[in-house]
Each structure stands twice: as C-alpha cells, then as structure tokens.
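All remarks here apply to the structure that follows.
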Amino acid sequence: MTSSPLRSATRLARPILLATLAAGAALVPGSQLVASNAYGANDGSGGARSALVTSGAPAAKRVPRRTSMEYRLSLGLQAINAHRAYAKGTTGQGVMVAMIDTGVSTAAADLTSNLSRASADLVQRRSAGVPLDRHGNETAQVVAASFDGVGTLGVAYGATFLAIRVDLEGSCPTQCAARGADVARGIDYALAQGAKVIGVPLIGPRRLPSLEAALGRAAAAGAVVVAAAGNDGHGEPSWPARYASDPRFTNAMIVAGASTYKGQLAGWSSKAGATQARYIAAPGHNVVVNCNAKYCNLVSGTSYSVSYVVGAIALILERHPRLDPQQAAAILLSGARDIGRSGVDANSGRGVLDVARALRVADQWAAAPNDRLKAGTAVPVG
C-alpha cells in the first residue's frame, strides 16, 4: 500500500502592519489587516542585500538589544528568554542545523549570510523554474535569520543553516507535501553534511516505514530529529513525531508542540500523548515572519515550533561543545517550564521551551561534568 505523503505543519497565515507589531500592541483583528496582496513579502525588496550564498556563521558576535526593532519583532525570542543566551555571547556559531522542508531562496536576504553552500534539492528531475514555497523560508527565518537590523532575528542567528528541499513538485499551491522516502534521504543527507540537529516540520496521518531506517541511522549517529506535533488538537502527535515513543528512536527525537506567547499550549496544537517524555511546546501561534519595510506576516503551526527547538539546541551546543546533540536535547527537555498538571503529562509533555532555564541546566552539568550523562537522563534545575 502506498503511504500518504507528509504535509507541511502550517495552520494559518495572515499579513500585519509592521508598525502595529513595533508598537508592542495586541495583535490586530482580521478587519484591520492589510490587503492580502502583501502576502509573501520576503522577496528581497525593502532593504535587499547581496543574494550570494556563503557558508559558515558571521565572524563577529554582537548582542542584540532587547529594545531594538529586530528583537521586539521577534516575539518568540522574548517568550523563550533567548536574551539570556545572547548576553552570554551564545548565538549558535559553529553549529550546523538542517531543516527538511521546501527549501530556501537565495534571494532571502536575511538568511544568505548563514546559509550553507551544501543546501540542496533532493527531489530528482524537478522542472526548471518551479518556485519555492514560502514555508521553507519561514521556518528558516525563525531558526537563523541574521542579526542585521532588518526584519526579525533567528533563535540561533549565528548557526549555519542547511536547507534541504523535499516537497513534491506541484503540491504547494494547495498544501506542500513530501514523500517519506525523500524525507529519509534528507535525514541521511543532513548527517553526511555534518548536521546532527535536524528539523522536520512535516506531518502525516500514519506510520512511515520508509523513514524508519533513516531515523535509526540518525539515532546511531547521536543526532536529534525535531518533528512537528501537528495542528489538529489531537491527543497524540502526528507522524513522524509519534516515533518519539518508539524505543528505537526515543533518544534521537523531540516532538515540538505549539505554545502561545503567554506560555500556554495552543488549543489547536496536537498534544503529547505517548511521546510526553520527549514533547516540548515552543512558540507556534502568530509567529512573525517575512518582514519588509512596511509589512510582516503572522503564521501559525507546529512547523515554527520545530524551528524554535532546533535553534535552542544549537545554542546549547555552542555554549557546551562537549555535549553531543542527544545530551543537549535531554538538557533542553529538563529545562522546560512546567505548565498545566505538575510534572510530565500527556497534554503538554515536559512543558514550554525556556532557553534561560536550559542553559542554566547545561551550566550546572558543565560545572560538574558527568561523562555518563545519557540522552534520556533528567537533569535537575537548580
């Protein structure tokens, strides 16, 4: 039987005036939104720079001011206390992360300084001139948008970003889709390029046997795959996120659910269910992307939660390079801020992402390093 294709884990999107966001006001209702032709504004206009792709992270480290426009637009960074990492000089520099999605345009000016030259389209015989869907640019922006005074700021804005395109040709005008076999090739490609933090912002309704061998190779390589929980509000995550409850892959996976800026699980986010020990919620509701001189877009979906988790792991790995990605993931989960019922639960799993808490856990580990720290180990927060 042919397996159903995976689809991008985006729920909704809408444009909004930049000035409304910059003022720090509540998000405007739909009646006040600008016309829909402002959609997809990240086309390099409004402050475009060179579209040349370079590999590696920016050489100089600068710390974004919390009062700057760039930081204030990045509402999710405030929600996860990312400023504590930046104050320590931690930006993700020297860490390569991968996202298996719809690819990244070389005209995306806020990504070009961090985009790896090894970024690739793995779908063979794609027709020439087929445009990229914005989904890949958007998830990439949340991870690694440059600190350049323009638009928004990525969680790990110093990290190297490996974009892996796998969307089926012709699927994106309705909803982007990908074959499990192509996602598996994407995982293997990421590992071959040295990326061991891999985002999969894709969801499907059933098991994906074609993906299992690649997940096993990722687990054996010490990598972490961050998968989207899904946007249907179900009690269990979608696939492939649900593989996080499979003992073969547990330590190599994190499930990303969506939280609001108030630190609560979004009502539409799929819940932790059997993956509760590996589930963490991160901003996924009204995420700001695609800013130009006048407009930004608001997008929602657990796809963007994947990006926040991927970026947070990169921050931990830069600060503590002795950790492997699976250990960093264990620390990230241990540092989650509990919500709802006390302790790990089937609704919100470990809780919501908190970079400051996670780095505190990592620093405690570094102060008394324990080489026996395992990927599934709970690390207390002091």
- Quick one: CZ on R319 to CG on D363, what's the gap to the nearest 0.5 Å? 4.0 Å

- Distance, nearest 0.5 Å, that separates CD1 of I313 from CD of E318: 14.5 Å

- So L315 and V355, side chain to side chain contact (heavy atoms under 4.5 Å, CB included) or not? Walk me through it. CA-CA 8 Å; L315 295 177; V355 167; 4.1 Å; yes

- Could you tell me whether D167 and R126 have a side-chain N and a carboxylate O separated by less than 4.0 Å? yes

- Task: Could you check if a side-chain atom of Y243 sits within less than 4.5 angstrom of a side-chain atom of R207, using non-hydrogen atoms only?
- Result: yes

- With distance as the sole test, does S238 use its side chain to make a donor-acceptor pair with the main-chain N or O of I203 at under 3.5 Å? no

- Query: Are D188 and R185 within salt-bridge range, i.e. N to O under 4.0 Å?
  - Reply: no

- Task: Identify whether V352 and L77 are in the same connected component of the hydrophobic contact network (ILVMFWY, side-chain heavy atoms under 4.5 Å).
- Result: no

- So, for R350 and A336, which heavy atoms are closest and what is the spacing to 0.1 Å? O-CB, 3.5 Å

- Task: Apply the test side chain to side chain contact (heavy atoms under 4.5 Å, CB included) to residues S259 and H285: give CA-CA distance (whole Å), side-chain angles for both, the deciding distance (0.1 Å), then the verdict.
- Result: CA-CA 7 Å; S259 62; H285 186 71; over 6 Å; no

- Item | Salt bridge flag under 4.0 Å for residues R125 and E169 | no

- In V155, V306, N114, V97, the residue satisfying side chain to side chain contact (heavy atoms under 4.5 Å, CB included) with V143 is V97

- Pairing of E70 and R65 as salt bridge, 4.0 angstrom limit: no

- Item | Test item: T102 side-chain N/O and G136 main-chain N/O as donor-acceptor pair under 3.5 Å | yes

- Could you state whether L132 and Y304 fall into the same hydrophobic cluster, counting links through intermediate Ile, Leu, Val, Met, Phe, Trp or Tyr residues with side-chain heavy atoms under 4.5 angstrom apart? no

- Message: Main chain of A244, side chain of R278: is a donor-acceptor contact present, judged purely on distance under 3.5 Å?
- Response: no

- Side chain K294, main chain N292, donor-acceptor under 3.5 Å: no

- Can you measure from CD1 (I316) to CG (L332) and round to the nearest 0.5 angstrom? 4.5 Å

- Hey, are the side chains of S300 and W268 touching, using non-hydrogen atoms and a 4.5 Å cut-off? yes

- Message: If we ignore hydrogens and angles and just use 3.5 Å, is the side chain of T302 paired with the main-chain N or O of G230 as donor and acceptor?
- Response: yes

- CA sep, side-chain torsions, deciding dist, call: V200, V226, side chain to side chain contact (heavy atoms under 4.5 Å, CB included): CA-CA 6 Å; V200 182; V226 183; over 6 Å; no

- Message: Check D101 with R165, please: is the shortest side-chain N to carboxylate O separation under 4.0 Å?
- Response: no

- Item | S270 and E236 side chains, donor-acceptor separation under 3.5 Å | no

- Step through it carefully: locate the ring centre of F147, locate the ring centre of Y86, and say whether they are under 6.0 Å apart. no

